[in-house]
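Below is one structure; the comments refer to it alone.
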Amino acid sequence: MSLLRCEAVAKSFGGLQALAGVQFEVGAGEIVGLIGPNGAGKSTLVNTITGVHRPEHGSITFDGHEVTRLAPERITRLGVARTFQIPQPFHTLSVLENVMVGVAFGARGASLERAAREAAELLEFVGLADKAHHEPQALTIIELRRLELARALGSGARLLLLDEIHAGLTPKELEEARELLQRLRARGVTILMVEHLMQIIMAVCERIVVLEFGRKIAEGTPAEVAADPEVIRAYLGTRRAGGARAAGA
Amino acid sequence: MSRAAAARVRRRRTLPVALAMLVAGGVVAALVREQFVLQVLTYVFIFAIYAQSWNIAAHSGQFSLGHATFLGLGAYASVLLAGRLGLPAAVAMFVGPLLPALAGLAIARLCLRLREWYFGMVTFGFTAIVQVLVVEPFGGLTNRWDGLDAAPLWAGGRAIETIAILNYLTALALMVGSYLLAARLMNSKSGLALAAIHDNEVVAAVSGVNVRTHRLMAMTLSGYVAGVAGALNSHTLTRHISPGIFGIEDSIWPLLYTIAGGLRIPEGPILGTLVVRVFWEWALRALGGFESLVVIGLALAVIVTTFPQGLYVLAARAAGWAGPRLARRAR
Amino acid sequence: MRMSYTARCAGAWVVAGAIAGILVPGSASAQTVRLGLITSITGPAAGTGADQQRAATLAVEELNAAGGVTVGGAKRKVELVIGDDQTSREGAVSGVTRLIVEDKVNVVFGGLGSAFGMAALPLIQERGIPYIPTPSTPLFTRTKDMGPDPTKSMVFHYQATGLMYGAGTADFIAEGLRPVFAPGKPIRVAWLYQDSPFGAEYVRGYTDRIKEKNLPLETVATERFKVGETDYRAQLTKIKALAPQVLVPMGFRGETVAMVQQAVLDVGIDPKKVAIGPVCACVDDPLYYKDLGKIGSHTTILSVYSTYATPKNPAFARWPDFRASFQKRYGVLPGVLGVSAYDAVHIAARAIERAGSLDSQRVIAALAALPVDKYVMPIRSGKTLFDPKYREVDFYLIAQQFFWDEKLKELRPRVVWPHDVADAKYVHP
Amino acid sequence: MGLDAASLLQVLVWGLVVGSIYVLLATGLTLIFGVMKLVNFAHGELMMWGAFLTILIAQSTGVNPYVAMIGSTAAVGLLGVAIERLGFRPLRGTAKINEIFLSIALILVLQNALARFFVPYFRENAQIRTPYATEYFSLGLVNLRYDFVILLAVAWAITFGLWFVLFHTAPGRDVRATSQNRAAALLMGIDVRRIDMLCFGIGSALAALAGSLYGVVNPFSPYAGTIPAIKAFAVIILGGLGSVPGAVLGGLLYGVVESFGTFFLGGSWRDAIAFVLLIVVLMVRPQGIFREGA
């Protein structure tokens, strides 16, 4: 049974068609990878699913609810949460308060006291317990990503959209991240992850959706996708052209 | 460790600070016989309320450059209610500000998609527009540039000194009230949402915060509080209002006072207004003329370049009260 | 724990309050007669404020040179205390407050802007301090707050009002300009005036007078501009298209200079076809003659005090002496607002002497009963200085026409109206 | 009521003249905003310092005021550099609103320091008198004073010159790079602090020039700069922050709308009408005319 369903989703900026009729599903409990060259529309898709952008065409349903034109906070409260490619913490709030925002206003809508308790637990879960009262500026990039993850989890996510949370990690850190993903899955969270690192996609994802120029060009298991001639062409092709057309994050 | 830390978040002591302000204000009233000092302090209290209203909007990231809209509308509405409908000033003072509250709501609604400079400039523009509206289409009601005399809050029959003390105490009480309101708000769940919106609206929204409602709420509340300050000012100190209130100056004061004291800290506007205003009066007195204003400007420049987090954080650090949270807020 | 926090907070706020108390010094001296001049020392009107300050200082020096003021048999020195209204309403409130509650002056006088003076009026009424305002608005003594009995008021307005100027403008246009520009027909008049209480009253005085005397004046435009505006071209373009025969540019000095220049040079209103003026008496100041330049030839001004001309009538007899002493003391000539402040000092001193006391009520009574004396501003009525009905003064207005003086490279005036004091006829260019 | 072609054309000319001054002010502001992402509200005070220094230099040396403008523009440019070094640089990285606070403090300092010297000389107002003050020629329906022609020529020459420098020279490229991405510019070896200083200096110099030209056609005082400068902010917001074409188009639009607003609605509406325009435009395009949506 599918948790998230995107049907013919289209979105353009000015003259640029960022998404042109994207169609796919994510089943409950799955870990799905979303890949594609720079400018393929991955971040735009994440933004569209979470309500930051409104699509011109198509429909998005989450858990049976039509969410296509809902405000971002409504979608979040239904159980969709995300992280950002470049971590964007609330910089005047403490690490703990950052997570509290998610707990207090997400699907659970907790009181401040409960939010503080649960946020502390989540920080423990992502390994930031000792930084609870630090300011986000004091965190490393990896810690910031974990903070984003905790905030997203705090909002009661059943579907988690992870936007390139593995970029620039060392092998050891990658291993830790992978382990964290497994633990997330153990909590029953469905994951749609945008990723450039094929290594982790191949290792973690059950299914992969490939975008190019705003269109889905392939979908399937890691092995199927890796063998798809379209995908190979797209990847080799854009390496040369360079990533000039970055869709807005 | 983490649970203890979590518990600490909620512990911001506002009631003792409010009580302390009341006590200190009362002590000053009892000891100081100098009329002029009382008058200056009454001004400080009223403008601290006004600055607090700006601070509330700023806490949600809505940095208004045209707060005089609300100050002025509150004053006009209250003065007209008292003058034309014969409402007691004490009642009009709280009913009238519903108009600026509504204006705050309307402006916030129109400006939902705007932030930073865009928001600031549009709010500034509204002040200029409201001024023309007050003068032109509503000129019959508002007496155009002649302005209106405001009914006194504390009626005659009493000695002038008594009225001055009553004005002082009223302003003090309302200032403490506005402090409690702001402090409670900032420490509440809504306050957390406003802070999140201040930092990043998109992330706040995808964390489940209803950005729209909170922005509207903050500006409506801010408009109301600013309106009360405007009404209080005209019924106690100036006793006269004119469209000049919708000028640049009155939009600048709350910003100046709040930032000097400590942005997004409920104590900030109060300390800022007190210190800046008293210094201002002193400099005008001691030096006089253009030189005094140059010195005031230089002093303000030094304050902001050396203590960009404001005087409250400076004072709190000196007294050893400041946690990291306080420093973060003021950034 | 909690108590100590409260105590610490309270301590901090008390310290802050104490700093407030220390920083704001208090002073009072009972030995002198203290006259408080409220005027613009800072802000956009500071230049004219300085003129008032100089004129008032001159008057105080004259009084003290004569030994001071006799109060109850003893001579007391006069002390001038300056309050700065910062050219703003808030500034006026704070400046007047300081004069009254801190400096404890016996009389408050002076001021340039009607709006600033009016903003401070409630304070003065509350405290019952004798007040001789010199801005022009008649509201000082005509507001309903003065109560049904104006003789209880403590305000004595010493300046020609906008209403008087407006009426004088209508009279001068009808008697002085119409015979030249529209003999036998209604004359077409366009206004460009300051959007302020002053401007509004000025126009009100003008329209009231037309109605009252049924004057053959047709008002074709009443354009306004905001105080501080420097570009009047759009309004002047509109006025030009309406083909008026008289253009009345009404505003402060800098505004008037710019209006006349922009009308003639930029918009192309031809002074040969359109009479420009009379401009407001409040601009009669040496700088107006200097700044306006040759472009102002043949324009007119309605004056209550002239910088250079002296009409042949006893009402204007004090002008040459006053100009000489001011010039001697400061090296420049005063403007009309300086003159009113100078007079106000003498009036206050005289009233205090008559009262024989510094008690506010007695000084007010003495002011109300003052007879005419030889002051500089020309007074028409003769007997009583302050009109008992409104406590205004009926000043003698004259109209002057400007002519270019090639030797001085400046404009100089000739009195052209009213006809009984005129020393020249109006010249059509 | 005066709806003839001559009047309308004349009003358009007044709008373009005022608009050109807004363009100069706004270009300076947008240049500063581009690299430093800050707005100096004391821009109008720098403007009036420019006008004052021009009149001072012209009167004391007897040179043509248009020549004196070179000196005053350079002097205010240096003043701008000093303000950036001593004032705005220490505030980098703190709350944005602190920069507004500082510029308000600067308004107090610059305005009153100017008034201190200005008032004894000129009292309330001064005007820069050029040798051509009474010379004009007729362009069919409209009259144009030589001073207006010079104003338009200087304003547009400077604007195009700046555009050329920005888009066709190496320093201009550095400025644009810093404007687009400060961190990347730093990595590319651009001395962004020098760019800051340079742009603040040039922006201030443009303000001084705008003030001098303003002082030729209008009376000015130490207080006359505040409103034009605020309108110049509105202009760059209207055009899109950091956009030079936006500043140019916005400035002209503002001048013209203001002029016609005054003509049709009356002088009371002069300031408000321009803000109505701003608000209407921002309701449709929240990011201004010439800026891509975020």
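Residue A:A119: no heavy atom, backbone or side chain, is found under 4.5 Å from chain B. When heavy atoms are compared at a cutoff of 4.5 Å, A:A71 does not approach chain B at all. At a 4.5 Å heavy-atom cutoff, the contact between A:V52 and chain B is made by side-chain atoms alone.
Between A:F62 and A:H65, the ring centre distance reaches or exceeds 6.0 Å.
Closest approach of A:K42 to A:G36, counting heavy atoms only: NZ-O, 2.8 Å.
More than 12 non-hydrogen atoms from other residues, nucleotides or ligands lie less than 6.0 angstrom from CZ of A:R108.
Checking side-chain atoms of B:R277 against main-chain N and O of B:F47 turns up no donor-acceptor pair under 3.5 Å.
Between chain A and the residues B:I197, B:V211, B:N210, B:V202, the largest count of heavy-atom pairs under 4.5 Å involves B:N210.
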